[in-house]
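Here the structure is laid out as structure tokens; the discussion comes afterwards.
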Amino acid sequence: MNHFSYRDGIFHAEGVDLAKLAAEVGTPFYCYSTATLERHYRIFAAAVPKDTLIAFSVKANGNLAVLKTLQKLGAGADVVSGGELKKALAAGIAADKIVFSGVGKTKAELIAALEAGIYQFNVESEPELLALDKVAAELGKRAPVAFRINPDVDAKTHAKISTGLAETKFGIPAGRVRAAYAAAAKLKHIEIVGIDVHIGSQITDLEPFAAAFARIVELARMLRADGHTISRIDLGGGLGVPYRTDNLPPPDPAAYGALAAKLTKGMGARLIMEPGRLIAANAGILVSRVIYSKRGEKRNFLIVDAGMNDLVRPALYDAFHDIVSVREPSPDEPRERYDVVGPVCESSDIFAADRDLPQLAAGDLVAILTAGAYGAVMSSAYNARPPAPEVLVKGGEWAVVRPRMDDDAYLATERIPGWLR
Ligand SMILES: *Cc1c(COP(=O)(O)O)cnc(C)c1O
């Protein structure tokens, strides 16, 4: 459930009229709902064991205002770069609620995280372990470490967001787990604290989670028998969301939480979870204005002012997004089938194919739904189009939380070298 709905014939974000907002901030823009973020966080927190560290996956939505909203509810953060670490800290998330994942942490990033005193490094390879030990030695610190295990489980999601199969770059292969922990135990500046797994994203079936969690618990038992301290079990993120309102029963956080509790029962370990999409996806929309309605030979095109540089999910992994007219259509008004496309010069710059919508014309507004996760964070300036701004709504209030960069400011980011002047 989310807090975007029609009121008095206009699509609203909570109490904010999106047509009025579009007139104020210009289009395209991202719009996030505080009430929806809060609702999703609370539902998730209520579904998992009490002491669980909920480390919001910053890569899903790293806007400072979004992070601050979640921080106030008690969220920690899962970061995958030094930049995300900086953002999480800037949003007031305590270092001891931050875990650091990712296969390619650089020395500078390891230093920053050690200096901040983060809760846990989710180490993804033996070379990373050695690099971390070396950096920790230089700083006179001990790094709290969990290895991310690749459980070789098929998450049954899109191939480009599957991370738990042996063929992917993520984690330590299950067959090398024992050796990796034995190596870590010998390092003076490494403190083994736990074990970690994350098998992918937009997973809508509990079965792959059950397989991965069971595998991790079995490995945790084995590692304890080997004498290692496994006091934390990080179960990653990946729980999916309903992108279309017309099918797919929503994955149930309560069932997911109960599964995690059941499979880790009796382990006496603190759980860590890293939800991203589940919290943010349905808490955000991308509002865009129709530039042209164009009749093609075989298709009708709605050309809108948002492009794949603003929201790349459809182009990157064939993602489906519901699209609605901001002006509420009446039930009997004529409808049309459209390809909703952006202005970017790529055939993949398409948000929806052959979509049933009310008849729309230049100047009309549309809202692309479920755009709060892996939306703005993935935006680029392709076609010299600076990314869309972001707005956060709370009740009847709104604030621009990342302003639009105008073309001149964007131009000013580049330089002509001396020999060309
Ligand atoms: C991306 C990611 C997540 C979040 O995944 P969601 O599908 O957004 O919940 C969690 N943990 C790690 C390590 C990730 O890379």
Side-chain angles (χ1 to χ4, degrees), residues 37 40-41 43-45 47-48 52-63 66-67 70 75-81 83-85 88 97-105 109 113 118-125 128 146-151 153 155-165 168-172 194-206 208-209 212-213 216 232-243 250-251 253 256-257 260 271-284 313 316-317 319 370-378:
L37 287 167
H40 291 171
Y41 183 86
I43 286 175
F44 191 81
V48 298
T52 303
L53 171 62
I54 301 173
F56 175 67
S57 176
V58 174
K59 80 176 197 287
N61 188 322
N63 187 283
V66 169
L67 297 181
L70 297 172
D78 171 44
V79 302
V80 294
S81 72
E84 286 189 0
L85 172 63
K97 287 184 171 184
I98 297 177
V99 301
F100 194 167
S101 305
V103 295
K105 305 178 192 80
E109 289 174 326
I118 65 162
Y119 190 58
Q120 179 170 303
F121 291 84
N122 288 336
V123 171
E124 303 215 17
S125 66
E128 181 191 337
F147 279 104
R148 173 168 177 183
I149 311 302
N150 186 320
V153 164
K156 298 192 183 121
T157 181
H158 193 283
K160 287 186 181 164
I161 48 176
S162 275
T163 61
L165 281 170
T168 68
K169 67 182 176 183
F170 299 100
I172 305 254
I195 189 165
D196 168 48
V197 70
H198 171 72
I199 56 170
S201 197
Q202 186 53 15
I203 301 167
T204 51
D205 174 2
L206 287 185
F209 287 118
F213 296 175
I216 281 315
R232 307 172 188 169
I233 300 180
D234 185 337
L235 296 174
L239 191 55
V241 302
Y243 275 89
Y256 172 84
L271 299 189
I272 301 171
M273 296 202 179
E274 304 167 350
R277 191 188 306 271
L278 185 82
I279 308 286
N282 280 307
R313 298 188 66 257
L316 190 61
Y317 21 72
T370 320
Y374 307 104
V377 280
M378 283 195 182

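All values derive from a computational prediction rather than experimental measurement. Positions are given from 1 along the sequence. Because only heavy atoms are used, hydrogens play no part in the values below, and waters and symmetry mates are left out as well, while side chains stay in. Every number for a ligand or one of its atoms is a count from 1 in the order of the listing.
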Closer than 4.0 Å to some heavy atom of [X] - which atoms of ligand 1 meet that?
| X | value |
| --- | --- |
| Ser101 | 13 (C) |
| Pro275 | 9 (O) |
| Tyr374 | 1 (C), 4 (C), 5 (O), 6 (P), 8 (O) |
| Arg148 | 13 (C) |

Cation-pi check for Phe121 against Arg148: NZ or CZ below 6.0 Å from the six-membered ring centre and within 45 degrees of the axis, yes or no?
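Geometry flag: not set, cation outside 6.0 Å or 45°.
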Test Phe56 against every option in Asp78, Ile279, Leu37 by the side chain to side chain contact (heavy atoms under 4.5 Å, CB included) rule and name the one that passes.
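Exactly one pass, corresponding to Ile279.
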Keeping [X] on the side-chain end and [Y] on the backbone end, is there a donor-acceptor pair under 3.5 Å?
| X | Y | answer |
| --- | --- | --- |
| Asn122 | Phe100 | no |
| Ser101 | Val80 | no |
| Arg277 | Ala60 | no |
| Gln202 | Val241 | yes |

Does the N or O separation between [X] and ligand 1 drop below 3.5 Å for any pair?
| X | answer |
| --- | --- |
| Gly276 | yes |
| Asp78 | yes |
| Gly238 | yes |
| Ser57 | no |
| Glu274 | yes |

Got the closest protein heavy atom to atom 2 (C) of ligand 1, with its distance?
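Ranking protein heavy atoms by distance from atom 2 (C) of ligand 1, first comes Lys59 NZ, 2.4 Å.
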Starting from atom 7 (O) of ligand 1, find the nearest protein heavy-atom neighbour and note its residue, name and distance.
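Ranking protein heavy atoms by distance from atom 7 (O) of ligand 1, first comes Ser201 OG, 2.3 Å.
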Working note: Met273 + Leu53, criterion side-chain contact (heavy atoms from CB on, under 4.5 Å); need CA distance, chi angles, decisive distance, verdict.
CA-CA 6 Å; Met273 296 202 179; Leu53 171 62; over 6 Å; no
Location of contacts on Arg277 toward ligand 1, heavy atoms closer than 4.0 Å
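Both parts.
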So that I can tick it off, tell me whether Glu128 and Lys105 are bridged by a salt bridge, with the cut-off set at under 4.0 angstrom between side-chain N and carboxylate O.
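A salt bridge is present here (some side-chain N lies under 4.0 Å from a carboxylate O).
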